[in-house]
Structure formats: C-alpha cells, structure tokens
Amino acid sequence: MWEDLETSIVFCRNEDLAGIGKLFELKCIPAEGFSLRETVISMERNQDNIFLSTSAAWFLLYDAYHASAEAYQVDFVMQSIEPGCNIYINTDHSGQYFPDHYAVSIEVESYLTPVDISVGKKLEYGELFTTEAALLERFAELGYPANTLEMLDTLLEDTGIEVRCFEDPFSLNE
C-alpha cells in the first residue's frame with residue numbers, strides 16, 4: 001500500500017493529483033456510491049502502520065477508507081472533524097492513534113468567562129481533549145465548575161462555547 005501511495009499521490013493543491021482517488025485509479029478500486037473528494041496533506045510510515053492526513057470538505061470518507069483497506073487487506077482507524085457539518089468521528093476505540101474524545105467549539109474568542117478571562121487565552125477553537133476529567137478541569141479554571149458534561153453543557157448555554165463529543169457511527173457496521 002505504501003508503494004502505491006507514493007506512486008499515486010502528488011503533494012500539491014490540486015485535489016485531482018493529491019487526492020486519494022489517484023490510489024483508487026492505480027489499484028482499480030471501485031468507487032461508485034461514495035465521495036473521493038479530499039487532498040492528502042501528508043503521509044507517514046513506520047514499521048507497523050501508515051498515517052495519512054487529509055483535508056476533505058463536507059463529506060465523510062469512511063467508505064473510501066473502508067474500500068481501500070479491503071483492497072489492501074489491512075485494518076484502519078480514522079478521526080474526522082468537519083465543524084460546519086457537525087462531524088466529530090473517531091473510530092479508534094483503543095485510543096492508540098487518536099486518543100481524543102472531545103473537541104471545543106468557540107464562536108468568539110474574546111468572550112469573557114466568569115473569572116474575567118477571555119476564553120481564547122485558555123482554549124483554542126478545535127482544541128481536543130482525551131478525557132472528561134481533563135476537559136472539566138480546564139473549564140473549571142475558566143469559572144465553569146462542573147462534575148459532568150451535562151452540567152458543563154448547562155453552564156455553557158448562551159456563551160457560544162460548545163463541547164463536541166466524538167462518536168463512531170460505524171462501530172455497528174463492522
């Protein structure tokens with residue numbers, strides 16, 4: 001698979017040359033019924049795996065990754081974030097490659113928290129958290145003490161700050 005990726009992907013802004021569709025063409029993998037609209041930003045390989053970082057807008061590429069994994073007889077996990085479409089997916093249940101469980105969405109970074117700190121000084125838009133405890137601790141520092149995510153969601157109402165939980169809608173399909 002690595003050799004085929006190196007052969008088919010050209011790193012550039014042209015998604016026709018840098019897209020995963022080039023791998024599908026090279027390997028003659030059928031792609032009917034799902035999107036291949038994405039650009040490969042980077043590729044890394046180590047002894048046990050290949051890591052692809054891609055940029056794809058509006059569509060989730062699970063079916064494409066699944067088809068390529070089947071063609072090469074390998075397993076895969078993915079993390080996909082598309083805030084505008086409310087997509088927060090992580091299929092890595094072990095957390096070996098993608099340990100994140102939560103992402104923070106912030107409308108206005110200058111919003112003042114209850115402890116009079118602008119939220120952007122302590123949090124970044126899209127900041128990821130691996131545990132609920134770490135997430136709750138950070139928000140407590142901002143003046144939002146909560147023991148649960150549900151309590152935190154209540155405290156964050158009308159602030160323009162949201163916590164998104166990663167999901168895996170595909171776990172039942174495997």
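Computed over heavy atoms, backbone and side chain alike; hydrogens, waters and symmetry mates excluded.
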> Could you go step by step and tell me if Ile106 and Glu109 meet the side chain to side chain contact (heavy atoms under 4.5 Å, CB included) rule?
CA-CA 6 Å; Ile106 303 168; Glu109 289 189 7; 4.2 Å; yes

> How are the rings of Phe170 and Tyr62 set relative to one another: parallel (under 30°), tilted (30 to 60°) or perpendicular (over 60°)?
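It falls in the parallel class, under 30°.
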
> I'd like to know if the side chain of Thr159 reaches the main chain of Leu155, judged simply by a donor and an acceptor atom lying under 3.5 Å from each other, with no hydrogens or angles considered.
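Absent.
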
> Under the side chain to side chain contact (heavy atoms under 4.5 Å, CB included) rule, collect the residues that match up with Ile50, sequence neighbours excluded.
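Side chain to side chain contact (heavy atoms under 4.5 Å, CB included) list for Ile50, sorted by chain: Met1, Trp2, Leu5, Arg45, Leu52.
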
> When you compare the side chains of Ser80 and Tyr65, does any donor N or O come within less than 3.5 Å of an acceptor on the partner?
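Not at all, the side chains of Ser80 and Tyr65 share no donor-acceptor pair under 3.5 Å.
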
> Which value, rounded to the nearest 0.5 Å, describes the distance between Ser68 atom OG and Asp4 atom CG?
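With rounding to 0.5 Å, OG (Ser68) is 11.0 Å from CG (Asp4).
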
> Which Ile, Leu, Val, Met, Phe, Trp or Tyr residues join Phe98 in one cluster when any pair of side-chain heavy atoms under 4.5 Å counts as a link?
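Phe98 clusters with Phe51, Val77, Tyr97.
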
> Quick one: CD1 on Ile81 to OH on Tyr88, what's the gap to the nearest 0.5 Å?
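Ile81 atom CD1 to Tyr88 atom OH measures 7.0 Å (nearest 0.5 Å).
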
> Can you name the nearest heavy-atom pair linking Leu128 to Ala103, along with the distance?
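Nearest pair, atom of Leu128 first, then Ala103: CD2-CB, 3.7 Å.
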
> Run the side chain to side chain contact (heavy atoms under 4.5 Å, CB included) test on Lys122 and Glu141 for me, step by step, so that the C-alpha distance in whole Å, both residues' side-chain angles and the decisive distance to 0.1 Å come before the verdict.
CA-CA 9 Å; Lys122 284 282 198 175; Glu141 294 170 7; 3.6 Å; yes

> Quick check: is Leu149 connected to Leu123 through a chain of hydrophobic side chains (ILVMFWY, heavy atoms under 4.5 Å apart)?
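Yes, one cluster joins them.
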
> Do other residues, nucleotides or ligands put more than 12 heavy atoms under 6.0 Å from Glu167 CD?
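Result for CD/Glu167: open.
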
> Does any part of the side chain of Glu132, heavy atoms only, come nearer than 4.5 Å to the side chain of Leu136, both counted from C-beta?
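SC-SC contact between Leu136 and Glu132 confirmed.
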
> Dump the intermediate steps for side chain to side chain contact (heavy atoms under 4.5 Å, CB included) on Val163 and Phe139, then the final yes or no.
CA-CA 10 Å; Val163 174; Phe139 275 94; 4.1 Å; yes

> At their closest point, which heavy atom of Ala67 faces which heavy atom of Phe34, and how far apart are they?
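What the structure gives for the nearest pair is CB-CZ, 3.9 Å.
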
> Please say yes or no: joined through hydrophobic side-chain contacts below 4.5 Å, possibly via intermediate residues, are Ile161 and Met151 part of one cluster?
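Cluster IDs for Ile161 and Met151 differ.
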
> Decide, yes or no, whether a salt bridge links Arg138 with Glu127 under the criterion of side-chain N to carboxylate O below 4.0 Å.
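A salt bridge links Arg138 with Glu127.
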
> Rounded to the nearest 0.5 Å, what separates atom CD in Glu25 from atom CD1 in Ile20?
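Rounded to the nearest 0.5 Å, the CD-CD1 separation comes to 11.5 Å.
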
> Taking a hydrophobic cluster as the set of Ile, Leu, Val, Met, Phe, Trp and Tyr residues connected by side-chain heavy atoms closer than 4.5 Å, whether directly or through intermediates, do Ile41 and Leu17 fall within one such cluster?
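No, no single cluster joins them.
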
> Using a distance-only test with no angle check, is there a side-chain donor-acceptor pair under 3.5 angstrom linking Gln79 and Asp100?
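The criterion, which ignores hydrogens and geometry beyond distance, is satisfied for Asp100 and Gln79.
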
> In this structure, are over 12 heavy atoms from other groups packed under 6.0 Å from Glu124 atom CD?
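Incorrect, the count does not exceed 12.
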
> Output the distance between atom CG (Asp48) and atom CD (Gln96), rounded to the nearest 0.5 Å.
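So the CG of Asp48 and the CD of Gln96 are separated by 8.0 Å.
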
> Membership question, hydrophobic clusters at under 4.5 Å side-chain separation (ILVMFWY): are Phe76 and Phe24 in the same one?
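Phe24 does not cluster with Phe76.
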
> With a 6.0 Å cut-off (strictly less than), is the heavy-atom count around CG of Asn147, excluding the residue itself, greater than 12?
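Incorrect, the count does not exceed 12.
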
> With a 4.5 Å cut-off on side-chain heavy atoms, are Leu61 and Arg37 touching?
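They are not in side-chain contact.
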
> Counting only heavy atoms not in Gln73, do more than 12 fall under 6.0 Å of its CD?
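At most 12 heavy atoms, drawn from other residues, nucleotides or ligands, come within 6.0 Å of this atom.
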
> To the closest 0.5 Å, what do you measure between CG (Asp75) and CD (Glu70)?
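Separation between the atoms: 10.5 Å.
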
> I'd like to know if the side chain of Asp168 reaches the main chain of Ile89, judged simply by a donor and an acceptor atom lying under 3.5 Å from each other, with no hydrogens or angles considered.
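Flag not set: sc Asp168 to bb Ile89 has no pair under 3.5 Å.
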
> Give a yes or no answer on whether the side chain of Ser105 reaches the backbone of Glu162 with a donor-acceptor pair at less than 3.5 Å.
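Absent.
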
> Do Met78 and Phe166 sit in the same hydrophobic cluster, where Ile, Leu, Val, Met, Phe, Trp and Tyr count as joined when their side-chain heavy atoms come under 4.5 Å apart?
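No: no chain of side-chain contacts under 4.5 Å links Met78 to Phe166.
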
> With rounding to the nearest 0.5 Å, note down the distance linking NE2 in His93 to OG in Ser171.
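The NE2 atom of His93 sits 5.0 Å away from the OG atom of Ser171.
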
